[in-house]
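Down below is the structure, laid out as structure tokens.
Reckoned from all heavy atoms, side chains included, excluding hydrogens, waters and symmetry mates. Below, read A as the first sequence line, B as the second, and so on, with proteins coming before strands; counting in each chain starts at 1.
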Protein chains: 2
Amino acid sequence: MAKTSRGPSMHDVAARAGVSHQTVSRVLNDFPGIRPETRARVIDAIEELGYRRNLAARALVTGRTQTIGMIGPVVPDIGPLSTLHAIERAAREADLHTLMTSAEDTAESLGDALDFLVGRGVDAIAFAAEREVMVEALEAAGVGVPVVYLLSGGEVAGLSASIDQRAGVRQAMGHLMGLGHTRIQHVSGPAEVTEARIRREEYLAVVGEAGLEPFDIVEGDWSPDSGFAAGQAIAADATAVFCANDEMAYGVLHALAEQGRRVPEDVSIVGFDDHSAACHTLPPLTTVRQDFEAVGRLAVDVMVAAVDGEAPEEPRYVSPELIVRESAAPLESR
Amino acid sequence: MAKTSRGPSMHDVAARAGVSHQTVSRVLNDFPGIRPETRARVIDAIEELGYRRNLAARALVTGRTQTIGMIGPVVPDIGPLSTLHAIERAAREADLHTLMTSAEDTAESLGDALDFLVGRGVDAIAFAAEREVMVEALEAAGVGVPVVYLLSGGEVAGLSASIDQRAGVRQAMGHLMGLGHTRIQHVSGPAEVTEARIRREEYLAVVGEAGLEPFDIVEGDWSPDSGFAAGQAIAADATAVFCANDEMAYGVLHALAEQGRRVPEDVSIVGFDDHSAACHTLPPLTTVRQDFEAVGRLAVDVMVAAVDGEAPEEPRYVSPELIVRESAAPLESR
DNA sequence: TGATAGCCTGGGACCGGTCACAGTCGCTGT
DNA sequence: ACAGCGACTGTGACCGGTCCCAGGCTATCA
């Protein structure tokens, strides 16, 4: 790539305004004790020249960047993406900037991402790690700045901000059981993904505690397509399905319809996420809402605190909320 | 925020390896003509110290950053987000890094975003501008680096990379007309959004050319909810609906079902996007696929070319593709 | 044996800001 | 009239890299 033509520098502005570069700096940083007239001259010069401060130079000398780094997954799942996007906005509120990069599920790719972020001098990092192995890899890499884990369910060492997954599962399962269901099957996310594992574990815990009938867990990959495949494997005697996310629930709905099983008359379904289309499926999907926006804000709070040295090591949670619609109905004797 | 503790610098590495900082720099940049033994010593020193190059310092002197900036919308729509994410990946392939920020629909917010990006010395900017007014605002701001517009449909001055919206609309409408429909209503996106405007214009053009029956256009905001509202306003004598995106189509499907109108027997529906859940609606949605991944790659190509000075000013398009499923059927006499 | 070339390495200026410090100026008090 | 003080502004070092250029060393050849 060619060299970017350099814009005007602080010295150019200073020359045009007939002051020193230091005075320009003071104006830029809102220092008190500048004669209004001088300030005006400087501002005019900035305007005329279209001057923009070079943040690289600034970061070089100050050693801090007011920037937080974000590492996202390579696949554009709406969940992680929304969370990252929410962080971006929360950061802006706090006058921080964000640097986004993505990493594959390899230590090497993660290393690249970290080099980039740390080399840029980010003050903290938000890591949307789907797979637990990546958390370990990051741990091993030993970066010098605070890292907040986003999708861990709070069940890893270190800083985290996430939805209380287990509570969400209990809301979903509790709703189904409250409707009289005892034969509840689970469509889970990929086994190696932390969130999927936690939801699955909690499902099993509830099944065990309540003495429900055990079913094989069907595993998908979060996509509607995998949900469709899972839907074809739903046991004939299951009366309810708890899906680990809404998008798989869409596929399950489709597969069930093809089998001629009616929802919710024959089978009740509960999803997870409250995806934007969840209220417009046929029938509208009962689900557990995850407030990604809140997680983003929480993550920024945690990062700011950590950078200031007050790092609360206990996990920080956002509570999920059950959204009752029409895809789950009371069990009727059939 | 506290000052980040400074890590080891190139001089520290040089001292430890018993060479000059210059030699360290050469090793880092893969310069030829370093004795293997020397190189090994330097690499060891880097390893031992956990040294990471300070990119701010590097950017300061080189004047280029190998980084492209991205400006996204504040609302996390899957379309723009996917495109931006695709750029991030395409950029990584090309050994570029990405700096993401978002801007609201105000000149001030855009100015902040630009200050950040340009101040960081990005070599080019990808702008996911939903609203045309923002394109003008950016034009007016006059940044010194190439800007590629993503969601413009290629119909703005300057560089762009986008889906050929008009072709997509003609595919959708052509499909419907081929099935015998002449009473086709349109559910559009927000009027001030470029893509929505283009799809709407092209819809009207097709209607005019083919001499179809005119219907009022119902406007939504891309969301399933707005699609639901739009669905309630579908004319009783319309036999087909062309929705400007899939998510609104979900809502329309829902609304139509509530009215007791069957899809596709009574009303045919075509969407736009090929959203991940589109193949699992009831019935599965016929739609126009947008390949965001390809747009991302294209955008990076355009940016690299522009930075190298070969800026092809004509718009670059990715062709959409009609995906035929079951929500649109031949018009039967009723 | 000494000059020349080629390989490898080091020295110093510089990028564009911020920081610490040192002026300059006008006004007051005695 | 002059020291003293506060308000305002300027000077130069420095952050951590890269670039240009100069130098030391070994190998080759006259």
Side-chain N or O of [X] closer than 4.0 Å to phosphate OP1/OP2 of [N]:
X: B:Ser9; N: D:dC15; answer: no
X: A:Thr38; N: D:dT9; answer: yes
X: B:Asn29; N: D:dT18; answer: yes
X: A:Ser25; N: C:dT18; answer: yes

On DNA chain D, does the nearest nucleotide to A:Arg26 precede the nearest nucleotide to B:Arg58 from the 5' side, or the other way round? Give the residue.
A:Arg26

Between atom [atom1] in [X] and atom [atom2] in [N], what is the gap in whole Å?
X: B:Leu55; N: D:dG16; atom1: CG; atom2: C1'; answer: 11 Å
X: B:Arg35; N: D:dA27; atom1: CZ; atom2: P; answer: 11 Å
X: A:Arg39; N: D:dA7; atom1: CZ; atom2: P; answer: 15 Å
X: A:Phe31; N: C:dT18; atom1: CZ; atom2: P; answer: 9 Å
X: B:Asp12; N: D:dC15; atom1: CG; atom2: C1'; answer: 13 Å
X: B:His11; N: D:dG17; atom1: NE2; atom2: C1'; answer: 9 Å
X: A:Arg41; N: D:dT9; atom1: CZ; atom2: C1'; answer: 11 Å
X: B:Leu60; N: C:dT18; atom1: CG; atom2: P; answer: 12 Å

Mind checking A:Tyr51 for me? I need base, sugar-phosphate or nothing, with any heavy atom below 4.0 Å counting as a touch.
sugar-phosphate

If you look at every strand shown and take non-hydrogen atoms under 4.0 Å, does A:Ile34 touch a base, only sugar-phosphate, or nothing?
sugar-phosphate

Without swapping roles, check the side chain of [X] against the backbone of [Y] for a donor-acceptor pair under 3.5 Å.
X: B:His85; Y: B:Gly296; answer: no
X: B:Arg41; Y: B:Ala17; answer: yes
X: B:Glu130; Y: B:Pro73; answer: no

Minimum-distance pair of heavy atoms, taken over all atoms of B:Ser162 and B:Leu150
CB-O, 3.2 Å

If you take atom types as modelled and just measure distance, does the side chain of A:His21 reach the base of D:dT9 with a donor-acceptor pair under 3.5 Å?
no

I want to verify a distance call: between D:dT18, D:dG10, C:dT9, whose nearest atom is closest to the B:Arg53 side chain?
D:dT18

Can you figure out which of C:dG17, C:dG11, D:dT11 approaches the side chain of B:Gln22 most closely?
C:dG11

Parallel, tilted or perpendicular: ring planes of B:Tyr149 versus B:Phe127, cut at 30 and 60 degrees
tilted

